[in-house]
Amino acid sequence: MAYQPSNKFEQVRAEKLERLAALGIDPWGSRFDDRQPIGQVRELAPESGESHIRVRTAGRVLSKRDSGKACFFDLADKSGRVQVLAGQKQIADDWKVVELLDLWDMVGVEGIIGRTRTGEVTIFAHRIFFLTKTLAHPPEKYHGAQDVEILLRHRYIDMIQDASVIARFEQRAKILGFIRRFLAGEGFTEVETPSMQAIAGGAAARPFITHHNALDLQLYLRIAPELYLKRCLVGGMERVFEIARVFRNEGIDATHNPEFTMMELYEAYGDYNRMMEITEQIVVGAMKEVGLPMQMTYGEYQLDFTPPWRRATYDELLAEHAGCHMDQPEQILAAANARGIATAGKDIDLIVSELFEATVEDVLIGPVFVIDYPASLCPLTKRKTSNPKVAERFELFVAGMELANAYTELNDPILQEELFTKQLSGQKEEDSMAKMDLEFILALKHGMPPAGGLGIGIDRLVMLLTSSETIRDVVIFPLLRPRPLSAGINPISDDQSEPAS
RNA sequence: GAGGGCGUAGCUCAGCGGUAGAGCAUCGGACUUUUAAUCCGUUGGCCGUGGGUUCAAAUCCCACCGCCCUCACCA
């Protein structure tokens with residue numbers, strides 16, 4: 001299969017493959033040992049002039065300034081960027097390599113660290129080792145690629161041209177690392193429950209459907225790990241958690257990606273009050289992990305995470321922002337009608353929920369725990385002993401985003417079975433958390449200890465802690481509709497994918 | 001799903017009825033302290049796709065595709 005360059009730029013670069021080969025140089029390089037990261041190399045630089053310190057490093061050529069018998073280029077690796085001066089006389093035979101060097105090629109460099117007369121940290125090269133040819137033509141050097149579509153579809157371009165992109169995903173990794181260490185320290189065991197489930201339960205969301213051929217079985221991609229993690233409680237795993245990729249077949253916007261990461265934990269003998277403490281510990285700990293102060297800004301908001309955070313009941317927030325109480329149907333209907341919320345044929349609690357979402361959620365700058373939800377909205381949650389119409393549930397809101405959701409878990413199999421059959425009128429089954437799962441009921445019949453359970457949206461937490469405005473900044477490869485390759489970027493083979501019909 | 005915006009060279013963008021443009025990048029040349037290097041020259045286009053209006057369409061109209069924003073849906 002012959003390589004077909006997709007434009008003249010690639011044609012030119014392809015020809016350089018031959019020219020490199022003619023010089024006995026492998027354009028795809030090989031192992032390069034004893035490499036010092038560029039960040040470390042920079043630290044060896046003297047105050048001025050050349051040192052006697054030899055350095056050996058490697059990276060990608062991001063810019064290049066030819067100057068007759070010398071060539072300056074900037075070499076970058078993950079740790080930083082440094083200028084290299086390759087003088088024809090100084091690098092001797094390797095000058096042939098420099099002559100064939102293109103932007104975004106990768107090379108190894110050996111030389112002396114120093115500074116030019118303008119003070120720029122520079123490797124005065126003695127050797128240049130060709131490591132990898134870049135066949136594609138890179139974006140413009142000053143602005144770089146700006147088109148969001150290019151940056152998302154080809155995230156590597158985003159990473160190459162903007163060091164903060166990798167840094168942001170490293171922050172994400174640090175946050176996840178902290179959560180794992182913290183929970184391990186608290187005695188939680190990490191488990192991995194099925195992503196493919198015969199019944200997609202544990203949340204209210206439309207699932208993705210898939211199929212197993214050998215079993216001839218329709219399966220769903222999970223919308224939550226909840227029902228499996230509770231089985232672990234039944235079995236005696238007293239503290240258990242999962243960092244679960246979940247999949248929801250819903251719309252896409254700044255805070256929703258079809259697949260995202262949910263941390264769920266369950267603690268036997270706990271309740272939702274205990275979950276609030278853990279939530280504070282996790283969020284505050286994660287903030288410290290990435291070096292954030294308790295007072296911080298996120299977008300236009302000034303947030304103070306100094307614990308304990310405000311705890312406000314669902315009812316008092318409803319009263320404050322919608323002017324009605326959740327147990328007063330006339331008030332609710334009036335308030336809903338006043339805001340144009342359709343009420344006909346809808347269960348009163350569904351209307352309450354819509355009213356709450358319309359009036360309260362967006363104004364919750366927080367951090368604030370919204371506690372004690374209308375019970376009918378919470379089929380997996382234990383009811384308050386003092387008032388069975390209220391469920392021991394909280395949601396954590398920050399900057400208008402829901403960041404966490406937790407309950408005192410319902411462990412009564414008889415009530416659970418009943419709640420699974422109860423659909424609120426005016427609500428589609430797919431919009432309800434109540435989906436009959438007899439296997440789960442059977443598990444509860446074997447005795448699940450009273451417990452607290454917590455889910456934290458990891459992507460949104462990372463957004464908050466990295467000042468990211470959209471979830472796409474923290475999901476490394478967010479979903480985009482596939483399309484025939486963008487102009488100028490063609491595959492090496494000639495079998496173009498067909499556009500979706 | 002509804003409304004709005006955008007799609008022009010590899011990239012960043014101008015042009016908005018009358019021969020398709022600039023900067024960077026590329027290619028050739030000069031230059032051993034440049035750093036958005038500079039200087040001289042050069043190449044580069046199904047103007048997203050398909051219809052239509054017009055003597056004439058990148059430009060106006062319609063449909064479709066993709067992306068973005070707002071709203072809706074949704075945690």
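Reminder, nothing fancy here: chain letters follow the sequence lines and each chain counts from 1. Values in this document were obtained by computation on a predicted structure and should not be read as measured data.
When both pairing distances are held under 3.5 Å, B:U38 makes a Watson-Crick or G-U pair with B:A30. The pairing partner recorded for B:C55 is B:G18, the criterion being a Watson-Crick or G-U wobble arrangement whose two distances lie under 3.5 angstrom. Partner assigned to B:G1 is B:C71, using Watson-Crick or G-U wobble distances below 3.5 angstrom.
Distances shorter than 4.0 Å separate none of the side-chain N or O atoms of A:Arg65 from OP1 or OP2 on B:U33. Distances shorter than 4.0 Å separate none of the side-chain N or O atoms of A:Arg153 from OP1 or OP2 on B:G66.
A:Asp372 and A:Tyr272 share a side-chain donor-acceptor pair at under 3.5 Å. A donor atom on one side chain and an acceptor atom on the other are not found under 3.5 Å apart for A:Gln281 and A:Glu277.
Residues satisfying the ring-ring contact (aromatic ring centres under 6.0 Å, His included) criterion with A:His137, sequence neighbours excluded, are A:Phe9. Applying the side chain to side chain donor-acceptor pair (under 3.5 Å) rule to A:Gln197 yields no partners; only residues at least two apart in sequence or on another chain are considered. In terms of the side-chain contact (heavy atoms from CB on, under 4.5 Å) criterion, residue partners of A:Ala254 (sequence neighbours excluded) are, by chain and number, A:Thr470. With sequence neighbours excluded, no residue forms a side chain to side chain donor-acceptor pair (under 3.5 Å) with A:Asp437. With sequence neighbours excluded, the residues that form a ring-ring contact (aromatic ring centres under 6.0 Å, His included) with A:Phe394 are A:Phe369. Considering only residues two or more places apart in sequence or on other chains, A:Glu242 meets the side chain to side chain donor-acceptor pair (under 3.5 Å) condition with A:Thr193, A:Arg222.
Atom name P, nucleotides B:G41 and B:A22: the rounded distance is 13 Å, in whole Å. Separation of the C1' atoms belonging to B:G44 and B:G52 is 31 Å when rounded to the nearest angstrom. Taking atom C1' in both B:C55 and B:G50, the straight-line distance is 23 Å, to the nearest Å. Distance check on atom P: B:G23 versus B:U32 gives 26 Å, rounded to whole Å. A gap of 42 Å separates the P atoms of B:A25 and B:C64, to the nearest Å. For the P atoms, the distance linking B:C46 with B:A20 amounts to 14 Å, nearest Å. For the C1' atoms, the distance linking B:U49 with B:C11 amounts to 22 Å, nearest Å. Here the separation of B:C16 from B:C74, taken at their P atoms, is 45 Å to the nearest Å.
Heavy-atom nearest nucleotides on RNA chain B were determined for A:Ala145 and for A:Leu85, and the one closer to the 5' end corresponds to A:Ala145. Heavy-atom nearest nucleotides on RNA chain B were determined for A:Asp147 and for A:Gln88, and the one closer to the 5' end corresponds to A:Asp147.
For A:Ala70, the listed nucleotide lying nearest its side chain is B:U32; candidates were B:U32, B:C11, B:C74.
At a cut-off of 3.5 angstrom, the base of B:U34 holds at least one donor-acceptor pair with the side chain of A:Thr116. For A:Gln83 against B:U34, a side-chain N or O and a base N or O form a donor-acceptor pair under 3.5 Å. You won't find any donor-acceptor pair under 3.5 Å spanning the side chain of A:His143 and the base of B:C11, going by distance alone.
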Listed pairs, N/O of protein and of nucleotides 24-28 of chain B, under 3.5 Å:
{"residue": "B:C24", "atom": "O3'", "partner": "A:Lys141", "partner atom": "NZ", "Å": "3.4"}
{"residue": "B:A25", "atom": "OP1", "partner": "A:Lys141", "partner atom": "NZ", "Å": "2.8"}
{"residue": "B:A25", "atom": "O2'", "partner": "A:His137", "partner atom": "NE2", "Å": "2.8"}
{"residue": "B:C27", "atom": "OP1", "partner": "A:Lys16", "partner atom": "NZ", "Å": "2.5"}

Which pairs, protein N/O on one side and nucleotides 1-3 of chain B N/O on the other, fall under 3.5 Å?
none

Can you list, pair by pair, the side-chain donor-acceptor contacts under 3.5 Å of residues 257-264 of chain A, counting residues two or more places apart and other chains?
{"residue": "A:Asn257", "atom": "ND2", "partner": "A:Glu259", "partner atom": "O", "Å": "2.9"}
{"residue": "A:Glu259", "atom": "OE1", "partner": "A:Arg245", "partner atom": "NH1", "Å": "2.7"}
{"residue": "A:Thr261", "atom": "OG1", "partner": "A:Arg172", "partner atom": "NH2", "Å": "3.3"}
{"residue": "A:Glu264", "atom": "OE1", "partner": "A:Glu226", "partner atom": "N", "Å": "3.3"}
{"residue": "A:Glu264", "atom": "OE1", "partner": "A:Tyr266", "partner atom": "OH", "Å": "2.8"}

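Cation-pi check for A:Arg393 over A:Tyr373 is met; the charged atom lies under 6.0 angstrom from the ring centroid and within 45 degrees of its normal.
One interatomic measurement links the two molecules: CH2 of A:Trp104 to C1' of B:G10, which rounds to 11 Å at whole-angstrom precision.
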